2 protein chains.
Amino acid sequence: MMENEVDGLDKRKAYILATVVYEYIATGEPVGSQALTQKYNLGVSSATVRNEMADLEAGGYLEQPHTSAGRVPSDAGYRTYVDALMSPEELGADERRRIRDEMRDARAQLDEIVEQSSRLLGRLAGNLAFVTKPQSDTQSFRYVQLIWIAERSGIAIIVTSLGVASQSLFELRNDLSPDDLTRLSNALNATFAGRLLRDCDDRSLTALTKSCGFGDDMAAAVRAAFIGARTQEQPGISASGAQHLLDQPEFRDVRKLRSILRILEEQRTLYDLVADAFDSPTASVKIGHELGSEELADLSLVTVPYRFGERAVGMLSILGPRRMPYARLLALASGTAETLSERLHDVEVK
Amino acid sequence: MMENEVDGLDKRKAYILATVVYEYIATGEPVGSQALTQKYNLGVSSATVRNEMADLEAGGYLEQPHTSAGRVPSDAGYRTYVDALMSPEELGADERRRIRDEMRDARAQLDEIVEQSSRLLGRLAGNLAFVTKPQSDTQSFRYVQLIWIAERSGIAIIVTSLGVASQSLFELRNDLSPDDLTRLSNALNATFAGRLLRDCDDRSLTALTKSCGFGDDMAAAVRAAFIGARTQEQPGISASGAQHLLDQPEFRDVRKLRSILRILEEQRTLYDLVADAFDSPTASVKIGHELGSEELADLSLVTVPYRFGERAVGMLSILGPRRMPYARLLALASGTAETLSERLHDVEVK
DNA sequence: TTTAGCACTCCGAGCAAGCGAGTGCGAAGC
DNA sequence: GCTTCGCACTCGCTTGCTCGGAGTGCTAAA
């Protein structure tokens, strides 16, 4: 848990910082030097701890709510703790099994599986959890079926690797037969099946449609269908566990709660929070002001990607008070992500 | 606003009750006899009002939080107010227009329209609003397309009148050709198109499939596809506006809030709240204990159906403190329901 | 450099007093 | 006979106060 020098802190300072953060996470009370020496065997007296704490405060790792109160970690303090001081946690075998069992309850439908994982994670983590649905443009195209409704109208149905059927109605200028549509469907399937949805670009779609002898209107309909499948520009988000936030003493203040509820409903904002974590292949933690909003300044966010095959397609996140058990939540999120990734194969259209 | 006798109350008692409820809804403070006579021109003195209030309390219409506090309406008081005393409200032309305009922002996709209407209603009503998605079994069946994937597997896609495509994968015991599937699709469409989904019963589906020369496995796949479309046994619910509840003084107490957030996440409970309103063709109001749960005892629920064609297919609801402006919220819910009903035609598969 | 001792600060719980709003009731008034 | 006035009483809420506890920082000694 400790090297000789961490982030410019000597061994003892680092240990004291770790202990303060640990204790504060556990109790939620500002931690004072005496309490610390009594509860943990630090090998030095409270006066020494006091001096060290004063240094840590000067270095920006700790803060004092007011004179004559104990110390509380600052963003930087948490950051150092998360990056260098805490001991990572692993889930036990029985916990893994429990997660797997509960995930099995969901039917093999994409939405249900995602929702189930957000519910599960929210409950296990005792915090607000949310899960982005798989990004549609990272999915691959499986089938399109153009269905004849009337001489000049039809429905296009697109099936992707995760079975998400998107549908769009279209109207044409010229009469067509059901056979025409079948022919075009087959041609599209032959050419594009297996490609990533984002690689089914407008130009190739148009070219293929025309080469089958259809006009601009049909080409536009085909493009629209693919755009509809691809352009759910920001994936849906399933959130769960907001009620747990009420248990946290930091939410006595109702205004904070309101910010959170508002954000929950604006999926846009919620999505922005995790959006940049998309680029990182591993877990990421954002602490306090790192979330980029004063409203969220005393919250932290743990984000873990889940995969479909090799590709990261979505994110599981936990939003909670800065004072959250980071190691534990990272373990829970990773465990859930893993199980979610596995279950995605149950809905895969092969 | 007033007959001579209302619910066993003489004219003056009824008027005083109405005024108390009105004032309490406006201020949230227990209302006393003096305050009432000062603010409203009752034509009698506070002492008389006091006597009347004592009677109303004895009759169960009012309650006293404690001696030396003003009166507060009881469930029965609100009930009488809603049923007989309040003057119904209508939306102004400009408000209607605003609602219509905002609903236009949503794309012509069922889910988006429903979500938009819950967002809109939540914002306008300043309370938690939720909207059930159209019950699938009241929708009519439009098209089924069985898509060939491999010799022994395929996808069945069902399109209903509101365009909700449900899809299900199937596996068969015997090889089939794409043409076989098209033939069966056409047969199913010819027979069932236009029927209510709930009238596409297992027996007729099986019979038709077999009469086309397919085996038990194919019949089972067809049944499963229709069941999947029909059996979303409890429709999804889109909720919005929880943060407004925080503005209400009655939610200072955090426990109440927790109950609500919990209920919000358990769609089951939320659905149960409006389920019996489904039978009523008009607006319904549930007050306090009428919601059937101690947790919700100081809330009220306004529910209004929306239609697709002639048929009521879903509900818009507003959940808020018992102390809610009933007439206004009923008007808002009705107005939104109307606009939602109109917009449903934009997604209709004709 | 660490520790012991000490004066000082500040928060928050607990208590008492005073205020204000409201009630109920008996007696007087229309 | 209903309505009103006057009055004593109740009760919760706010304000101000005290006091204890926890914690700090500083100084001097080990």
Side-chain angles (χ1 to χ4, degrees), chain A residues 4 9-17 19-21 23-24 26-74 77 249-250 252-253, chain B residues 4-5 9-17 19-24 26-74 77 249-250 252-253:
Chain A
N4 247 342
L9 300 174
D10 64 43
K11 190 169 165 174
R12 190 171 69 187
K13 279 202 177 58
Y15 186 62
I16 289 178
L17 175 55
T19 316
V20 169
V21 177
E23 176 70 6
Y24 183 65
T27 66
E29 301 289 320
V31 2
S33 54
Q34 306 178 46
L36 209 61
T37 45
Q38 277 164 27
K39 207 157 166 183
Y40 300 86
N41 186 9
L42 299 177
V44 290
S45 79
S46 68
T48 308
V49 173
R50 250 189 323 272
N51 291 331
E52 296 285 47
M53 280 174 145
D55 285 359
L56 285 167
E57 186 174 353
Y61 297 97
L62 295 179
E63 285 166 356
Q64 213 170 4
H66 57 83
T67 8
S68 91
R71 301 311 211 286
V72 157
S74 67
E250 26 269 286
R252 296 276 172 68
D253 180 0
Chain B
N4 248 343
E5 275 264 331
L9 300 174
D10 64 43
K11 191 169 165 175
R12 192 171 68 187
K13 277 202 178 56
Y15 186 62
I16 288 178
L17 175 56
T19 316
V20 169
V21 177
Y22 183 85
E23 176 68 7
Y24 183 65
T27 65
E29 300 291 321
V31 2
S33 53
Q34 305 179 48
L36 209 61
T37 44
Q38 275 163 30
K39 207 158 166 182
Y40 300 85
N41 187 8
L42 299 177
V44 289
S45 79
S46 70
T48 308
V49 174
R50 256 197 308 280
N51 291 330
E52 296 286 45
M53 280 174 145
D55 285 359
L56 285 168
E57 185 174 353
Y61 297 97
L62 295 179
E63 284 166 358
Q64 214 170 1
H66 56 84
T67 8
S68 91
R71 295 324 206 280
V72 156
S74 66
E250 26 269 285
R252 297 277 171 69
D253 180 1

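Keep in mind the model is a prediction, meaning the values are calculated, not measured. A note on names: the letters A, B, ... follow the listed sequences, proteins ahead of strands, and every chain is numbered from 1.
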Item to check | Qualifying salt bridge (charged side-chain N to carboxylate O under 4.0 Å, His left out) pairs, either residue in residues 34-47 of chain A, two or more places apart | outcome: A/Glu23-A/Lys39

Next on the checklist: Quick check: closest heavy atoms across B/Tyr24 and B/Pro73, and the distance to 0.1 Å?
Outcome noted: CD2-CD, 3.4 Å

Exercise answer: donor-acceptor pairs, residues 31-38 of chain B side-chain atoms, under 3.5 Å, sequence neighbours excluded:
unit_1: B/Ser33; atom_1: OG; unit_2: B/Arg50; atom_2: NH1; d: 3.2
unit_1: B/Thr37; atom_1: OG1; unit_2: B/Ser33; atom_2: O; d: 3.1
unit_1: B/Thr37; atom_1: OG1; unit_2: B/Gln34; atom_2: O; d: 2.8

Next on the checklist: Could you check whether any side-chain heavy atom of B/Val44 comes within less than 4.5 Å of a side-chain heavy atom of B/Glu52, counting everything from C-beta outward?
Outcome noted: no

Item to check | Nearest-Å distance for atom pair NE2/P, residues A/His66 and C/dC10 | outcome: 9 Å

Checklist outcome for this item: Bounded by its outermost nucleotides with an atom under 4.0 Å from a heavy atom of chain B, the footprint on DNA chain D reads D/dT3 to D/dG12

Next on the checklist: Under the rule for side chain to side chain donor-acceptor pair (under 3.5 Å), what residues qualify as partners of A/Asp55, not counting sequence neighbours?
Outcome noted: A/Lys13

Item to check | Where protein sits on nucleotides 15-27 of chain C, one letter per nucleotide: B base, S sugar-phosphate only, - none, heavy atoms under 4.0 Å | outcome: ------BBBB---

Item to check | Counterpart residues, side chain to side chain donor-acceptor pair (under 3.5 Å), relative to B/Glu57 (two or more places apart) | outcome: B/Arg71

Item to check | For B/Thr67, all residues meeting side-chain contact (heavy atoms from CB on, under 4.5 Å), sequence neighbours excluded | outcome: none

Item to check | B/Ile16 CD1 to B/Thr48 OG1 distance, which is reported to the nearest 0.5 Å | outcome: 8.0 Å

